[in-house]
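Whatever order the structure lists them in is the order used to number ligands and atoms, beginning at 1.
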Amino acid sequence: MDDIKVPFIDLKQRYEEEKAELLACVERVLSKGHFVLTEEVSEFEEKAAKYVGAKHCVALNSGTDALMMGLWALSIGKGDEVITTPVSFIATTGSIAHVGATPVYADVRDDQNIDPAEIEKKITARTKAIMPVHWTGRLADMNAIMDVAKRHGLIVVEDAAQTMGAYYHGKHGGTFGNVGAFSAHPLKNLNALGDGGFMVTNDDEVARKVRLYRTHGLQDRDNCVMYGVNSRLDSLNAEVLKFRLDRLNSIVERRRRNVNLYRKLIKPGHIYIPEDKPYERNAFVMFITQAEDRDRLKAFLLQHGIESLVYYGTPLHLHKAAAKLGYKRGDFPVAERQTDRVLALPHHQHLTEDQIAYAAETVNKFYGV
Ligand SMILES: Cc1ncc(COP(=O)(O)O)c(C=O)c1O
C-alpha cells in the first residue's frame, strides 16, 4: 500500500477535468476584448445571489476586501468593537483592524466555531458588531448568534469565506446577518483562477456603497462621489466562477462522501472529528480533525506519502500583530487547546476511496488501533 500518494490538494487534476470548459471561458472573454466590470461580472453576481438566496451580490478582488468593505459600508470604524473568534485565518481580524475598529475575541466551542454564550459576555457599550466565521465550511450557531445580535442591537458581518455550499437549518451561510463575505481563493470550494471574492447582502444601501467603493467611488467616468479603491473581480474569473458554480454541489457532495468514509474508517479514541448536526450541511472546505500527538502523526503520515496541514498553529490573539490588543496565553482555553491538536487531512474531490482508506488506515496504524 505504501506506494499510494495522498496529496493535500490537486488543482492540476482539476484543470485536467475542466480543461475544455476553462479554455472556452478564456476564449469567450478574450475574444470580446473587455475585461473590467463587463456583463460576465453582473451575470456571476446574479447567479451567486440566487444560489445563496440574497438580494445582492457584489463581486470583488478577494474575501478580505469583502469583509473590509462590508464593515466600512455599515459605518463600523474607529471607537467600535467587533466581537469575533480567535480561530480563523488572519484576514478576519485584519479586516476589523483595517477599518479602524477593535477586534474583541470570544472563545469557541469544540467544533471550532464561536460560542454564542461567550459573545454575550464580551458585549460592552462600544460593541457595534459580531463577526462569526463559518470555519471549515460548518456554519456557526447562527440562530443563537442572531438572537444575541437582536437583543443587543448589533450588526452581524459573517465571514463566509469558507461557506459556499454550506447550510444551517436549510438556509445558506452568509445570508443571516447584514453582510456575508465570501472568498473565491483557489483553495475554496468555489474557486477562481487566482484571487477573487464577493459580498452578499439584502441591504440596498450597503450594496450601492460597495459597488461604488470597489471602483474608486466613480458613478460614471466623470463623477466621483466618494474616494474608493480598485477591488473588481476580473471578467475572466467571473466567467470561470459562473461555470464552476454549476459544479459546486457535486464538489461538496464528493468532499462530504470522503469525510464520511474517514468517519467510518478511523477508529475512535485518539482523534476527534466534530460531528455534523442533522440541521447542518457542512461544505468541508477543509476537513480538520483534532488529534493526539499531532506533530508526530503528521510526520508519520508524510513518511507514508500522505500530506496533511495544520490550520493553524497559532490562535489569532497570540500573533505578534495582536500584541497591542493585550491578550495572553490562557485567555481562550478551548481555542488554545485546539491549536496543538488541529490537523487537516486530505479530503478533496479528486481522491479515490482507496486513497482515503489508505490515509485512514495509516492514522489507525500510528495510534496502534
Ligand atoms: C475564514 C477566512 N476569512 C477570510 C479569508 C480571506 O479571503 P481571501 O483570501 O479571498 O482574501 C479566508 C481565505 O483565505 C478565510 O479562510
- Item | For Ser62, the ligand 1 atoms whose distance to one of its heavy atoms is below 4.0 Å | 10 (O), 11 (O)
- Message: Using a 4.0 Å cutoff against the non-hydrogen atoms of Val133, which atoms of ligand 1 qualify?
- Response: 1 (C)
- Message: Could you identify the single nearest non-hydrogen protein atom to atom 14 (O) of ligand 1 and state the distance to 0.1 Å?
- Response: Lys188 NZ, 3.1 Å
- Query: Have Glu336 and His317 got a donor and an acceptor in their side chains that come within less than 3.5 Å?
  - Reply: yes
- Quick one: look up the protein heavy atom nearest atom 10 (O) of ligand 1 and list residue, atom name and how far away it is. Ser183 OG, 2.6 Å
- Query: Which of the atoms of ligand 1 are close to Ser88, meaning less than 4.0 Å from one of its heavy atoms?
  - Reply: 1 (C)
- Do Glu158 side-chain atoms and Gly174 backbone N/O form a donor-acceptor pair below 3.5 Å? yes
- Near Gly63 (heavy-atom distance under 4.0 Å), the atoms of ligand 1 are 7 (O), 8 (P), 10 (O), 11 (O)
- Query: Any heavy atom of Gly197 sitting closer than 4.0 Å to ligand 1?
  - Reply: no
- With sequence neighbours excluded, residues passing ring-ring contact (aromatic ring centres under 6.0 Å, His included) with His134: none
Which donor-acceptor pairs under 3.5 Å do the side chains of residues 37-50 make with protein atoms, sequence neighbours left out?
from	atom 1	to	atom 2	distance (Å)
Thr38	OG1	Glu40	OE1	2.5
Thr38	OG1	Ser235	OG	2.6
Glu39	OE2	Lys32	NZ	2.8
Glu40	OE2	Lys32	NZ	2.7
Ser42	OG	Glu39	O	3.3
Glu43	OE1	Lys242	NZ	2.5
Glu45	OE1	Arg211	NH1	3.1
Glu45	OE2	Ala59	N	2.7
Glu45	OE2	Arg214	NH1	2.8
Lys47	NZ	Lys242	O	3.0
Lys47	NZ	Asp246	OD1	3.0
Lys47	NZ	Asp246	OD2	3.1

- Query: Phe284 vs Phe287 aromatic rings, parallel, tilted or perpendicular, using cut-offs 30° and 60°?
  - Reply: perpendicular
- Heavy-atom nearest neighbour in the protein, as seen from atom 11 (O) of ligand 1, with distance rounded to 0.1 Å: Thr64 OG1, 2.5 Å
- Item | Any donor-acceptor pair under 3.5 Å from Arg244 side chain to Leu190 backbone | no
- Does any N/O atom on Gln162 come nearer than 3.5 Å to any N/O atom on ligand 1? yes
- Query: By number and element, which atoms of ligand 1 are closer than 4.0 Å to a non-hydrogen atom of Gly196?
  - Reply: 10 (O)
- Can a donor-acceptor pair be found between the side chains of Asp141 and Tyr168 at a distance below 3.5 Å? yes
- ligand 1 atoms nearer than 4.0 angstrom to some heavy atom of Thr92 are 3 (N)
- With respect to Tyr105, which candidate in Thr93, Thr85, Thr84 satisfies the side chain to side chain donor-acceptor pair (under 3.5 Å) definition? Thr93
